[in-house]
Amino acid sequence: QASTDLSSVNVVFVVGGPGSGKGTQCERIVEKYGFTHLSTGDLLRAEVQAGTPRGKNLVEIMQKGELVPLDVVLELLRENITAKASSSKGFLIDGYPREMDQGIKFEEQITTPKCVLYFDVSDDTMTKRLLGRAQTSGRVDDNEETIKQRLKTFHDVTTPVIDYYSKNNMVQRVPAESSADEVFQQVQKVFDSMSL
Ligand code: B4P
């Protein structure tokens, strides 16, 4: 069956290491700018929770700090974008692309993003934040061993994606070591200067 043409939707990719503050900042962006927030991590956890066939085996992969298969993530994104394409001002795609192929396939099948928002944080800070969240999150991947592996996945597989979009002048880098309020000041500068 033919899929909806999504080439004219506004998309901003939001990337950064695990615990870099993507989800935290996206909530604020939604509040101020009215975008639709789609977190690939949240979509995958919802899939696991719902016990769908597609959600099977995902827990193990996430528990290891590895990336789930591209097809699953892209299909979830397509479905969710399609559902709101006509009513939404734009989409924040949080946690995506995490590997080069995800970026390529999304551009081929959906659209080219307006920009790539990158939260730049040291490994130390990300580890501290995630260990803090571990006390209440109940997430299978918020533990010391998985955090190490998630950081490795980020450096090995996601950094090349950021380099690629940097070369195309599409990356808006936000230093994100400081408090969520201070980081959001920087984020607002980016959004206020973006033409949509
Ligand atoms: P995600 O759910 O994306 O998890 P994450 O990288 O930890 O980011 P999150 O948004 O949750 O954390 P945030 O930085 O906001 O991914 C989990 C797993 O799902 C992946 O490892 C992978 O297996 C799979 N997956 C997801 N997307 C995929 C894809 N595209 N392809 C394949 N697999 C995929 O916040 C972290 C903590 O820091 C919070 O406690 C927060 O309160 C705190 N914090 C945030 N900002 C702060 C600040 N400025 N100061 C102090 N604390 C702050």
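Counting starts at 1 for both ligands and their atoms, in listed order. All values below come from the heavy atoms of this structure, side chains included, with hydrogens, waters and symmetry mates left out.
The atoms of ligand 1 that sit less than 4.0 Å from any heavy atom of S20 are 14 (O). Below 4.0 Å from some heavy atom of Y96 lie the following atoms of ligand 1, by number and element: 30 (N). Every atom of ligand 1 is numbered from 1 in the order shown, and the set under 4.0 Å from a heavy atom of D141 is 17 (C), 18 (C). Atoms of ligand 1 found under 4.0 Å from any heavy atom of V68, numbered from 1 in the order shown, are 32 (C), 33 (N).
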Go through it in stages, so that I can follow the logic: the residues are L117 and F119, the test is side chain to side chain contact (heavy atoms under 4.5 Å, CB included), and I'd like the CA-CA distance, side-chain angles, deciding distance and then a yes or no. CA-CA 7 Å; L117 191 59; F119 293 110; 3.9 Å; yes
Evaluate S179 against E182 for side chain to side chain donor-acceptor pair (under 3.5 Å), listing each step before the verdict. CA-CA 5 Å; S179 72; E182 281 170 299; 3.1 Å; yes
What do the steps show when you test K32 against Q188 for side chain to side chain donor-acceptor pair (under 3.5 Å), and what is the final call? CA-CA 9 Å; K32 174 147 190 201; Q188 287 174 84; 2.8 Å; yes
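Legend: residues meeting side-chain contact (heavy atoms from CB on, under 4.5 Å) with R129, ordered by chain and number and at least two apart, are V121, T125.
In this structure, P160 and M100 have side chains that are not in contact, with every pair of non-hydrogen atoms separated by 4.5 Å or more. V157 places a side-chain heavy atom less than 4.5 Å from the side chain of L67. Between V12 and P113 there is no side-chain heavy-atom pair separated by less than 4.5 Å.
Every pair passing side chain to side chain donor-acceptor pair (under 3.5 Å) that includes a residue from residues 94-105 is listed here, sequence neighbours excluded: H37-D94.
The nearest heavy-atom contact from the protein to atom 16 (O) of ligand 1 is R98 NH2, 3.2 Å. For atom 38 (O) of ligand 1, the closest heavy atom belonging to the protein is R129 CB, 3.4 Å. Of all protein heavy atoms, the one closest to atom 14 (O) of ligand 1 is G21 N, 2.5 Å. Closest to atom 27 (N) of ligand 1 among all protein heavy atoms lies T40 OG1, 2.7 Å. With respect to atom 4 (O) of ligand 1, the closest heavy atom belonging to the protein is R139 NH2, 3.2 Å. For atom 49 (N) of ligand 1, the closest non-hydrogen atom of the protein is S178 O, 2.8 Å. Atom 45 (C) of ligand 1 has as its closest protein heavy atom T24 OG1, 3.1 Å. For atom 22 (C) of ligand 1, the closest heavy atom belonging to the protein is E66 O, 3.5 Å.
Annotation: A180 places an N or O atom under 3.5 Å from an N or O atom of ligand 1; distance criterion only. Considering both main-chain and side-chain atoms, I61 never comes within under 3.5 Å of ligand 1 through any nitrogen or oxygen pair. Between G95 and ligand 1, an N or O atom pair is found at a separation short of 3.5 Å. Residue G23 has at least one nitrogen or oxygen atom sitting less than 3.5 Å from a nitrogen or oxygen atom of ligand 1, judged on distance alone. Close N/O approach between R45 and ligand 1 is found [any backbone or side-chain N/O within under 3.5 Å]. Every N/O-N/O distance between D42 and ligand 1 stays at or above 3.5 Å.
Only the side chain of V73 comes within 4.0 Å of ligand 1, judged by heavy-atom distances. Contacts between S179 and ligand 1, counted as non-hydrogen atom pairs separated by less than 4.0 Å, involve the backbone only.
The aromatic ring centroids of Y118 and F13 lie 6.0 Å or more from each other.
A salt bridge between R54 and D71 is absent, with no side-chain N of the basic residue lying under 4.0 Å from a carboxylate O of the acidic one.
A donor-acceptor pair is defined here as one N or O able to donate and one able to accept, closer than 3.5 Å; no such pair exists between the side chain of K89 and the backbone of N10.
The structure places CG of L76 at 5.0 Å from CD of E47, a figure rounded to the nearest 0.5 Å. The structure places CZ of F191 at 14.0 Å from CZ of R28, a figure rounded to the nearest 0.5 Å.
Between atom 40 (O) of ligand 1 and the options Q102, R133, M62, the minimum heavy-atom separation is to R133.
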